[in-house]
Each structure stands twice: as C-alpha cells, then as structure tokens.
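Below: one structure, written as structure tokens.
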There are 2 protein chains.
Amino acid sequence: MTSIAEKTVLDRADSLCRARGVRLTAQRRRVLAILCASARPLGAYEILDAMREGSRALAPPTVYRALDFLLEQGLVHKLESLHAFVGCNHPEHPHSSQFLICNSCGEVTELEDEAIARSLGSAASMSGFQPQRRVVEVIGTCAGCAQKGR
Amino acid sequence: MTSIAEKTVLDRADSLCRARGVRLTAQRRRVLAILCASARPLGAYEILDAMREGSRALAPPTVYRALDFLLEQGLVHKLESLHAFVGCNHPEHPHSSQFLICNSCGEVTELEDEAIARSLGSAASMSGFQPQRRVVEVIGTCAGCAQKGR
DNA sequence: GTACGAGACGTTATATTGTATCCAACGGCT
DNA sequence: AGCCGTTGGATACAATATAACGTCTCGTAC
C-alpha cells in the first residue's frame with residue numbers, strides 16, 4: 001500500500017539528499033519506504049524481515065547501515081525506549097522532536113514543541129552543558145486508549 | 001570504598017522500603033550499593049561483574065530482577081540512550097528527572113527541572129495524552145569537557 | 001511448632017539488538 | 001581503461017535482555 005503521503009515523503013527525501021550531495025540509494029530508500037508505510041515504529045529486525053520479502057536474504061548490517069544514514073540525514077528517528085525507528089514527519093529542517101508513545105495501542109506521535117525545546121535548552125545552559133542530541137520520550141496512554149478505558 | 005554519602009543513601013533506601021512494606025533484600029541492596037559507589041552509569045553486565053567479585057557466580061536474571069525492583073521503587077534510573085543505570089539522588093519523593101550525559105567524559109547529571117516537567121506535561125495534555133513514564137536525556141558535552149576543548 | 005503461600009532467588013537456555021571485519025561491486029573521475 | 005572512494009554482501013560475534021522452571025525463604029495462620 002503506497003499512500004500519496006508516503007510518496008511525497010520519499011520524493012522530498014530524494015530532493016533533500018540531492019540538495020545535500022548525499023546518495024539516497026535503493027536500499028536506503030527502501031528502508032525509509034518501509035518505515036513510512038508502517039503505522040508503528042519498527043525494530044531493525046522487523047525492517048529486515050520486511051526487506052527480505054520477495055527478494056534475496058539480507059543481513060543485519062545492511063539495515064543498520066541504511067538506518068545510520070537516514071538518522072544522520074534526519075529522515076528517521078530512533079525511539080530509544082522501544083529500540084525502534086520511525087520515519088520523520090518533517091525532515092526539511094534540523095529539529096529535535098519529542099515523542100508520545102502509547103503503551104496500549106503502540107501509537108507514536110511526534111511533537112515539535114518549542115516550550116519543551118526552550119526549557120531543555122535553558123536547563124542545559126545553566127549547567128554549562130552543550131547539547132548535541134535530545135532524547136525526549138513520554139510513555140503513557142494516548143487519548144483514544146484512555147477513553148476506551150485501557 | 002564506602003563513602004558517607006553512599007551509606008546514607010543505602011540507609012535512606014532501607015527506611016523507604018520499610019515504610020513502603022517492600023523488601024530491600026541483600027541482593028537488591030548490593031546492586032544499589034554498587035551503583036551508588038560508581039561515578040558513572042553501569043550496564044547490567046558491569047553490575048553483574050561487580051557482584052561476582054569475591055562471591056559465587058551469578059546469572060543475568062539476578063541483576064535484572066534487582067534492577068526492576070529498584071526502578072519500581074525509584075531508587076535507580078535507567079538511561080535508555082546508554083543502556084545503563086544510575087542510583088537516584090533523591091528517592092524520597094516520586095519524580096521524573098532529566099539527565100545531561102557527557103559523551104566525552106561520561107559524566108551524568110540528574111536534573112529535576114520544573115520548567116521541563118511543566119512543558120512536557122502541557123504538551124501531553126494538549127494531546128490528551130496521559131504520561132506514565134518520562135525519558136528525557138540530553139547527550140552532549142559537559143562544562144568541564146567543553147573548556148578543555150574536547 | 002508446623003504447614004502454607006507469596007515472593008525472591010538460582011539456573012539453564014535462549015531471544016533480541018547491535019557491531020566488527022573483510023571483501024566484492026558500483027560509480028564517478030581522469 | 002584504470003583508479004579510488006562509497007556502498008553493500010556475508011560471516012561471525014558481542015552486548016543486552018528475557019523465558020521458564022524449580023527451589024528456597026520468610027511471614028503468617030493455625
């Protein structure tokens with residue numbers, strides 16, 4: 001199932017990479033497509049399984065290398081608390097997002113909240129700390145699941 | 001080396017657990033002591049190695065079970081981005097802390113910043129999300145290492 | 001004091017996640 | 001064509017975490 005939204009994400013990834021002078025190869029594009037097509041975050045080995053379908057066998061390093069590239073380019077994010085990966089909603093500008101992770105239905109929402117970013121930044125600078133990477137994940141119950149009483 | 005500070009942490013853990021009607025057994029106390037004695041976060045297998053010294057061999061589940069208990073009681077925290085654990089500075093009240101992790105010297109600072117907690121909370125409630133656990137880790141360069149030009 | 005039950009622990013095996021290494025294939029360049 | 005840097009294939013392995021099951025221990029009730 002290739003939705004229109006997914007297609008534009010891939011197209012945008014193409015132009016982004018061209019503009020940056022890096023190569024979105026077939027393998028990398030494939031990993032990104034799999035992540036974008038999934039409603040949920042996927043583990044590296046789930047991606048591996050998805051890539052194996054209909055094609056020859058692949059090994060873990062293939063997926064991890066593609067993921068490393070996509071992470072560097074900001075095209076995907078890693079959810080540390082899940083050991084899983086998601087496609088990014090808005091890869092054009094560098095950003096540090098936050099994630100709401102429902103442990104009932106598995107849904108993940110990517111936020112880009114200025115207030116959180118600011119409070120994190122000022123807490124860091126008060127300590128003289130220079131941030132490079134931010135991991136902000138809130139695990140809990142999403143609105144839908146809360147209503148259903150789960 | 002058993003510092004005074006470490007001793008009071010263990011003593012406070014004892015009384016906390018007694019007050020809560022849960023058992024801080026010898027194994028659990030040992031894991032907590034090892035974590036508190038360490039200047040850095042420790043992986044589960046590092047704790048396991050430390051516990052093996054001078055005593056009989058232990059298996060991973062022993063350590064993971066002790067860690068699960070200590071996490072539940074808020075006596076230790078898990079650093080998801082490092083797959084490692086640290087003793088908590090102030091276990092008396094339930095809290096969601098934030099961590100500054102220096103990737104040069106490995107030092108970890110636990111913060112309890114109200115502004116961050118508030119901004120996270122309001123972002124979650126705007127989405128109708130009910131938080132249960134918060135993972136906030138900022139990876140970067142600490143003040144000391146930044147000065148040394150690392 | 002003894003029997004019971006829940007929780008804690010020991011032990012083995014295994015699942016899951018992630019890397020090191022080395023070599024082959026490809027692509028752009030001169 | 002020949003060179004060289006990047007990408008990918010393949011094997012092996014390291015690191016992190018859990019399942020399953022039996023045994024022991026401790027508090028409690030009788």
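First the proteins, then the strands, lettered A, B, ... as listed; each starts at 1.
- Summarising the geometry of A:Leu24 relative to A:Leu70, their closest heavy-atom pair is CD1-CD2, 4.1 Å, with the distance given to 0.1 Å.
- Counting to the nearest Å, the C1' atom of C:dC9 and the CG atom of B:Asp68 are 14 Å from each other.
- Sorted by first and then second residue, the side-chain hydrogen bond (donor to acceptor under 3.5 Å, both in side chains) pairs involving residues 113-125 of chain A (not counting sequence neighbours) are A:Ser119-B:Ser119.
- The main-chain N or O of B:Phe129 is never found under 3.5 Å from a side-chain atom of B:Ser127 such that the two would form a donor-acceptor pair.
- Note on A:Arg133 versus A:Glu80: salt bridge recorded, some NZ/NE/NH1/NH2 to OD/OE distance being below 4.0 Å.
- If you take CG of B:Leu48 and P of C:dG10, they are 11 Å apart, rounded to a whole angstrom.
- Salt-bridge check for B:Glu92 with B:Arg12: passed, with a basic side-chain N closer than 4.0 Å to an acidic carboxylate O.
- Ring centroid separation for the pair B:Phe99 and B:His77 comes in under the 6.0 Å cut-off.
- Residue contacts for A:Ala57: at a heavy-atom cut-off of 4.0 Å it reaches the sugar-phosphate backbone alone, with no base atom in range.
- Taken from CD1 in A:Ile139 to CG in A:Asn103, the straight-line distance is 8.0 Å, to the nearest 0.5 Å.
- The distance between atom NZ of A:Lys78 and atom P of C:dT16, rounded to the nearest whole Å, is 16 Å.
- In this structure, A:Ile47 atom CD1 and C:dG18 atom C1' are separated by 13 Å, rounded to whole Å.
- One interatomic measurement links the two molecules: CD of B:Gln27 to P of C:dG7, which rounds to 19 Å at whole-angstrom precision.
- A:Tyr45 comes within contact range of at least one nucleobase, with a heavy-atom separation under 4.0 Å.
- Position along DNA chain C of the nearest nucleotide to A:Glu80 versus B:Leu58 favours B:Leu58 as the more 5'-ward residue.
- For C:dG10, the OP1/OP2 oxygens have a side-chain nitrogen or oxygen of B:Thr62 closer than 4.0 Å.
- Map B:Ala84 and B:Arg65 each onto its nearest nucleotide of DNA chain D; the residue landing nearer the 5' end is B:Ala84.
- Note: A:Tyr45 and A:Tyr64 have perpendicular aromatic rings, judged against thresholds of 30 and 60 degrees for the angle between ring planes.
- First and last contacts of DNA chain D with chain A, using any nucleotide atom under 4.0 Å from a protein heavy atom and ordered 5' to 3', fall at D:dT7 to D:dT11.
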Distances for protein N/O vs nucleotides 26-30 of chain C N/O pairs under 3.5 angstrom?
none

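- Annotation: the span from B:His95 atom NE2 to B:His90 atom NE2 amounts to 5.0 Å, rounded to 0.5 Å.
- Contacts of A:Arg28 with the nucleic acid, taken as non-hydrogen atoms under 4.0 Å apart, involve only primed sugar atoms and P, OP1 or OP2.
- Counting to the nearest Å, the P atom of C:dT17 and the CG atom of A:Asp49 are 11 Å from each other.
- In this structure, A:His83 does not reach the C:dT16 phosphate: none of its side-chain N or O atoms is under 4.0 Å from OP1 or OP2.
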